Amino acid sequence: MVDTYKISADGRTYSFTLRPGLKWHDGQPVRPEDCIASLSGGCSGIPWGRARRVVQTLEPLDKLSSR
């Protein structure tokens, strides 16, 4: 799903850009908010649960990007 990603120089910020044209089974476009909701809702699972402890925020940046 991710087309590109960047890690800040200090290693504390990860920015992701979705591949253009991704769609759900019902034809709706996949948005950064959808990915954020998936990550936020699944943060009790392993291994994401451990990683989630250090994540302070998840936010959409534009139609295809989030950090």
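For clarity, every value in this text was computed on a predicted model and none was experimentally measured.
Interatomic distance, CD1 of I36 versus OG of S66, reported as 5.0 Å (0.5 Å rounding).
Among residues two or more places apart in sequence or in another chain, the side chain to side chain donor-acceptor pair (under 3.5 Å) test is passed with D10 by S8. Residues passing the side-chain contact (heavy atoms from CB on, under 4.5 Å) test with P29: none are found, sequence neighbours excluded.
Residues P60 and R31 fail the side-chain proximity criterion, which asks for heavy atoms closer than 4.5 Å.
Y14 belongs to a hydrophobic cluster whose other members, connected by ILVMFWY side-chain contacts under 4.5 Å either directly or through intermediates, are V2, Y5, I7, F16.
The salt bridge (charged side-chain N to carboxylate O under 4.0 Å, His left out) pairs that include a residue from residues 55-67 are E59-R67, where partners are two or more places apart or lie in different chains.
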Just list the side-chain donor-acceptor pairs under 3.5 Å for residues 17-25, sequence neighbours left out, or say none.
| residue | atom | partner | partner atom | Å |
| --- | --- | --- | --- | --- |
| T17 | OG1 | S65 | OG | 3.2 |
| W24 | NE1 | D34 | OD2 | 3.1 |

